[in-house]
Amino acid sequence: MLELAIKGIIIGLCISVPLGPIGMLCVQRTLNRGRKHGIVTGLGATTSDLIYTFITLFFLRFVIGFIETHQIIFQFVGAIVVAIFGIFIIKSRPTSQTNPNVASKGNLFSDFITAFGLTFSNPLILFVLIALFARFEFIADKSPFVTYFIGISSILLGAFMWWLLLTYIVSHFKNKLGLRGLRLINIVTGSIIIVIGCVGLIVSFL
């Protein structure tokens with residue numbers, strides 16, 4: 001069980017650590033609004049990943065063929081969603097550094113939902129999970145319920161550990177940035193996310 005938990009933590013880290021659109025969004029929100037908003041953003045993405053983990057473990061046969069058949073559509077739609085979100089970030093205005101959470105107390109739920117939606121728009125994560133599960137020989141068929149529970153919980157723990165670490169590091173730099181610096185962060189973050197979306201569009205066409 002300990003080996004299973006370690007494998008799950010590693011898988012959770014592998015699907016969270018790459019600094020893609022969600023990682024950039026987590027950094028941006030931590031700097032602009034405070035650490036808890038960054039953590040909630042990461043948890044929204046992790047929730048989406050957990051749903052795809054369930055699908056990979058229990059319903060893979062029913063969805064893998066559908067995703068392969070419509071892979072181009074998924075890539076196209078997902079890329080558009082990412083690009084639009086990047087534009088939204090560029091246009092957003094940072095809040096005051098003196099008390100970054102005052103103006104955004106009611107936005108934790110929206111932070112969670114937008115991060116969840118952005119991650120869920122890319123079901124190709126299933127193929128990443130399949131590769132990781134095969135690489136680590138993670139949970140054999142017809143395993144007992146406790147095995148699934150420990151495995152899935154350890155993936156959640158690994159992802160949560162990463163978001164805690166990332167937001168902790170980023171929050172230590174936010175006090176060194178004024179509103180102008182935060183605005184620049186928004187522009188850079190949004191631009192990177194737009195580029196990622198545009199690359200996705202090109203790949204879907206190719």
Side-chain angles (χ1 to χ4, degrees), residues 11-13 15-56 58-59 63 67 70 73-96 99-126 128-129 152-153 155-168 170-171 174 182 185-198 200-201:
I11 291 174
L13 290 170
I15 60 178
S16 300
V17 168
L19 204 62
I22 291 298
M24 297 301 297
L25 183 61
C26 179
V27 169
Q28 185 259 352
R29 285 179 173 171
T30 301
L31 289 172
N32 279 264
R33 305 182 188 176
R35 189 182 179 195
K36 66 180 180 180
H37 290 269
I39 293 175
V40 169
T41 297
L43 289 179
T46 300
T47 302
S48 173
D49 290 335
L50 286 181
I51 291 177
Y52 284 125
T53 298
F54 274 105
I55 293 175
T56 303
F58 300 110
F59 305 105
V63 298
I67 291 177
H70 301 86
I73 296 176
F74 283 124
Q75 286 180 328
F76 183 77
V77 174
I80 290 177
V81 170
V82 170
I84 291 175
F85 211 79
I87 295 173
F88 172 79
I89 291 176
I90 290 178
K91 291 184 176 181
S92 64
R93 298 292 178 181
T95 56
S96 175
N99 197 351
N101 295 321
V102 170
S104 53
K105 285 182 178 179
N107 289 333
L108 287 176
F109 181 72
S110 64
D111 288 345
F112 179 90
I113 293 298
T114 52
F116 173 85
L118 187 60
T119 307
F120 198 73
S121 67
N122 182 24
L124 300 181
I125 186 65
L126 280 171
V128 177
L129 289 170
I152 293 172
S153 298
I155 291 176
L156 174 61
L157 177 60
F160 187 60
M161 287 169 57
W162 166 247
W163 298 121
L164 283 178
L165 177 62
L166 179 62
T167 55
Y168 175 80
V170 172
S171 64
K174 74 176 189 295
L182 291 177
I185 290 293
N186 285 0
I187 295 174
V188 172
T189 302
S191 299
I192 292 175
I193 291 177
I194 290 174
V195 169
I196 293 174
C198 291
L201 284 174

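Heads up: numbering here begins at 1 and tracks the sequence. In this text, all values refer to a predicted model and were calculated from it rather than measured experimentally.
- Separating the OG1 atom in Thr114 from the CG atom in Leu25 is a distance of 6.0 Å, to the nearest 0.5 Å.
- Looking at residues two or more places apart in sequence or on another chain, you find a side chain to side chain contact (heavy atoms under 4.5 Å, CB included) between Leu157 and Ile9, Met161.
- The OG atom of Ser110 lies 8.5 Å from the NE2 atom of His37; values are rounded to the nearest 0.5 Å.
- Residues Trp163 and Thr30 are not in side-chain contact: their nearest non-hydrogen atoms beyond the backbone lie 4.5 Å or more apart.
- Nearest heavy atom pair, residue Gly38 against residue Cys26, reads O-SG, 3.3 Å.
- Judged as a side chain to side chain contact (heavy atoms under 4.5 Å, CB included), and not counting sequence neighbours, the contacts of Val40 are Leu108, Asp111, Phe112.
- No option in Thr47, Asp49, Thr46 other than Asp49 meets the side chain to side chain contact (heavy atoms under 4.5 Å, CB included) test with Thr119.
- Closest approach of Gly158 and Leu13 over heavy atoms only: O-CD2, 3.2 Å.
- Under the 3.5 Å distance criterion, with hydrogens and angles disregarded, no donor-acceptor pair is assigned to the side chains of Arg33 and Thr41.
- Taken to the nearest 0.5 Å, the CG atom of Leu43 stands 7.5 Å off from the CG atom of Leu156.
- Here OG1 of Thr167 is found 11.0 Å from CG of Leu31. Values are rounded to the nearest 0.5 Å.
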Check your understanding: Under the side-chain contact (heavy atoms from CB on, under 4.5 Å) criterion, do Asn107 and Arg29 qualify, and how do the steps go?
Key -> CA-CA 11 Å; Asn107 289 333; Arg29 285 179 173 171; over 6 Å; no
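- With sequence neighbours excluded, the residues satisfying ring-ring contact (aromatic ring centres under 6.0 Å, His included) with Phe120 are Tyr52, Phe116.
- Separation of atoms CZ (Phe160) and CG (Leu165) is listed at 12.0 Å; rounding is to 0.5 Å.
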